[in-house]
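Every heavy atom of this structure was used, including side-chain atoms; hydrogens, water molecules and symmetry mates were not. Convention: sequence-line order gives letters A, B, ...; per-chain numbering from 1.
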Amino acid sequence: MANLKLQQLTKVYNKNEIAVKDFNLDIKDKEFIVFVGPSGCGKSTILRMVAGLEDITHGELFIDNQKMNDVSSKDRDIAMVFQNYALYPHMTVYQNMAFGLKMRKQTKTEIERRVNEAAAILGLKPFLHRKPAALSGGQRQRVALGRAIVRDANVFLMDEPLSSLDAKLRVQMRSEIISLHSRLQTTTIYVTHDQTEAMTMATRLVVLNHGQIQQIGTPKEVYEQPVNVFVAGFIGSPAMNFFSGSLTASGLKIGDQYIPIPAGLLPQNSSQDIIIGVRPEDMYIESATPMFHTEIEAVELLGADTMINAGLGDQPFTARIPSSIAIEPGQTLPLSIHLNRMLFFDSQSKNRIF
Amino acid sequence: MANLKLQQLTKVYNKNEIAVKDFNLDIKDKEFIVFVGPSGCGKSTILRMVAGLEDITHGELFIDNQKMNDVSSKDRDIAMVFQNYALYPHMTVYQNMAFGLKMRKQTKTEIERRVNEAAAILGLKPFLHRKPAALSGGQRQRVALGRAIVRDANVFLMDEPLSSLDAKLRVQMRSEIISLHSRLQTTTIYVTHDQTEAMTMATRLVVLNHGQIQQIGTPKEVYEQPVNVFVAGFIGSPAMNFFSGSLTASGLKIGDQYIPIPAGLLPQNSSQDIIIGVRPEDMYIESATPMFHTEIEAVELLGADTMINAGLGDQPFTARIPSSIAIEPGQTLPLSIHLNRMLFFDSQSKNRIF
Amino acid sequence: MDSLLNSIFSEAFLSPIWVSLKIAIIAGIIVILIGTVAARFFARKQFRGKAVIETLLMLPMVLPPTVVGFFLIVIFGKNSWAGQAITWLFDRPIIFTWWAAVIAAIVVAFPLMYQSAKSGFLAMDRDIENAARVDGASEWKIFFFISIPLASKALISGSILSFARALGEFGATLMFAGNIPGETQTLPIAIYIAIDSGNMVMAWLWVIAIVTLSFLMLLAVRVKE
Amino acid sequence: MDSLLNSIFSEAFLSPIWVSLKIAIIAGIIVILIGTVAARFFARKQFRGKAVIETLLMLPMVLPPTVVGFFLIVIFGKNSWAGQAITWLFDRPIIFTWWAAVIAAIVVAFPLMYQSAKSGFLAMDRDIENAARVDGASEWKIFFFISIPLASKALISGSILSFARALGEFGATLMFAGNIPGETQTLPIAIYIAIDSGNMVMAWLWVIAIVTLSFLMLLAVRVKE
């Protein structure tokens, strides 16, 4: 149970490759913070600096108000789950979980109690005497979690812990980690490149790109009010559609298509050229007074939903419609957009202006 | 352009490990067939038998009505995309694509024409003189596709070609492969463990488990009329909810919860014990006459949708509701199920009975 | 100073160097060719008794050189079947000839080439070969255009190590090929004789020659890694 | 038959075996300890000049044994700084003693242990060590409880190879430690002398002894793979 303070954290490799630049973040006790971004955005580097596995080039790291820059990993009282599990392959599941406690000189009874407790929570009781090689991917993941939770550490660090699991298991382990956090309430930093994990797990998420913070906020804030084109396009699946268009007094022009929009829903004091962002679920079929007609190019059935690909003013987009409506490629559809959900970005700075 | 006939195809390793058993399938010209199943279900083994990279233990393989069992890979006129791309690392992109044509003694002009054509389709023109190591994951994937399409082969085989890409790129390459198929019309077998890929890409999909066919059908058929609990649970994300319950004359009992159902929507001539399958999107909030009330345990925000976890007659389930409705864990919700979408499975055989 | 220069350009100094280079180059070429083919064969095929055959091929690596020399004498000696065949063919026994030195060098150098090449072929992604197979390449074309280029690092470091081993061979050569100046007196043997007879100047010169050569080769291996 | 049995249990037959085993075991233990520590150090640290130091350590692997012998004589000889220090300390020079044989064995066996151990440490997933670091283990505990067990296959095969190399050392030992029966006459030297003097019975017996030992060791390495 601890708070963390990351101040101007910077990592430079080989004198001039900047991996992380001036990273500032206050993490409150019991928070579940997710760092999310494309690979190479520096998110794992920050985590490893917090863990003490990478030196901090500049800046300061505080855990519970104590400066940690020069404290070695073993004395930071953190627990970490690694991307490829990093289990001790020559030890049994029991020994894997007990190792950290032994190193911290716990009594044998205490170790036994804690390991058994963690094994019970994670359903590992039947496997305590197996070696990691004899476990499935999901079970190994659980052992890695178990090794972290027995320690009762101040901070949990998780480095893409679900990336080597298949889609089904990932969904299951996601909820297990969430319920583990709501039970233990340990301050957690979770790193992932998967926006779905970030959205579903975080109390707050930090979107990173090129070693710099793009946005910090709750999943809802980041989804509904992204600060720029990068965040808007990165968060959400399928990705947000972007159209380049121009503003008029009473609406928008996208290619040769004119869309009338009430003045209150348009940005003020903006240059004429603009990027318009529309999420696939904010477009719908409307026979009565559609905004535009378009010819469907491709149809993807996803079970409950169907994704359709088409064009608006010659710019391609994806829209999500219920699978109950049967649609064939080549068909022409009348479509509208929920006007109050449209986002507007400056075409130069790519920042959101409305 | 070819049809394929797989007759009683069987693969046995080390005299007694059965990887594939009595696999029967007729593939028509121009079809896009997807083999889908969990890892170890034998789907890749079948593909490698078709490619000639694994011997066929029993059974017969016909391509265009010619028996292929004893024809070596190089004479089968197939093209294949491998899971880890398997590009020739010491050759440039151009040489990678040209290799198969050289081996088949095409003229230099013909090779140049075909490679340039494929490179233009796949947007690889600027990279023709790079080595694979200097390409991104998505570009490598395109080179692997390019190497397959320049060959103008009779059959395309693809072995989890998108599994090493990240989520965003996977969605993008998925549509590229679909549009490639609609342009080239080459008979294709595509292997994946990802049910989303299977659903969105296949003209027909073959669901496999433990080396045996579970179901063959269009994505819509498999999604709406799964033949058994395995297929119902494997296809669809989040997975279908299953409840064990019992039939009464006028409804269902699930735990202590009674749900009245019109007689026409219940299976006839079935034993009393039954498994009921309900997809998360087939449950909805209904204040007027809800079927049951339940306390929400967890809430996962997924952007447009929210997944809620709760219990019905003490059995856990997941339901999908629009994110526009704000929900907190702990809240009690009135819920109903679309009765005509319920599926019923025999509790012994696990086969669908209604 | 003049006498040092005289020593360097003397027949006595240069002769062991030429003998060594000739033997090592011929043995090296043979070892590289056979070692590569054998390594690829054993890396791809499974059969009963494979472990025993491979152990026999690798044995010269752990055997003392004098034991290798002993077996060469026994196998190619005057009383053996092979020895008599050679005597009948070439009108003289092979023992104490220049060819004996080549054979000794081949036997001790082979395991290094074989081991390195095999680990190179094993480390390769097999699906790259399979891709070439599907692309219509015959097995020989796969070997030349895919397997060899992909294992090239391992093949080069194996070649350098086995060439160095051939160049440095002492015990087996001394026993099987003897110490005939201008024919079988290699550098390592010449150094031994020089020390034994107290000729430190010649010893130093030869040592500098061979150390320079070895250091360069070892650096080449390390850079290749 | 009786004379064969007499030969087997004779002091003359057994003496080189004991000498060889004693030298190889002591040299082996030293090489295994130093090689493991050095390999782990070089596998984890980066610094300027590392490539040159490593090349020097590996040099005895490609140098002819007689060159190694030459350098040992030069370094520990009567006129060198080290040689005079030893003479002053122990009241006799080290050359032509049992300890000289041990030193020769260490120098030639070290590169094999070092190379194998280093590739073992490099092949490891570094994050397993990092996990132990986060789990509160000190660097020494990580070395003993994590790194050594995880690299154990490479360490064992390196140990066996370097022990075999120490057991089989001939050229450098002959030059630096000489051929003193009961003190520095090792098995490989005894075989050479036996052949030279035409004593084929003793040669065969020693060869069988050493081949059996080597074959078992090589098989052990292969099984470990």
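- Across D:D196, D:L187, D:L174, the residue that shares the most heavy-atom pairs under 4.5 angstrom with chain C is D:L174.
- When heavy atoms are compared at a cutoff of 4.5 Å, C:F163 does not approach chain D at all.
- Contacts of C:L59 with chain D are made by both backbone and side-chain atoms, with heavy-atom separations under 4.5 Å.
- With a threshold of 4.5 angstrom between heavy atoms, C:W206 does not approach chain D through any atom at all.
- Residue C:L112: no heavy atom, backbone or side chain, is found under 4.5 Å from chain D.
- Ring geometry for C:F170 against D:F170 counts as parallel: the plane angle stays under 30°, on a 0 to 90° scale with 60° as the upper cut.
- If you measure heavy-atom distances from D:L213 to chain C, you find no contacts under 4.5 Å at all.
- Looking only at side-chain heavy atoms (C-beta outward), D:I189 and C:T66 stay at 4.5 Å or farther from each other.
- At a threshold of 4.5 Å between non-hydrogen side-chain atoms, the residues C:I210 and D:P64 count as touching.
- Comparing D:A194, D:P188, D:A164 by heavy-atom pairs within less than 4.5 Å of chain C, the highest count is held by D:P188.
- At a 4.5 Å heavy-atom cutoff, the contact between C:I73 and chain D is made by side-chain atoms alone.
- The candidate with the highest count of non-hydrogen atom pairs below 4.5 Å against chain D, out of C:L56, C:T186, C:I195, C:V74, is C:I195.
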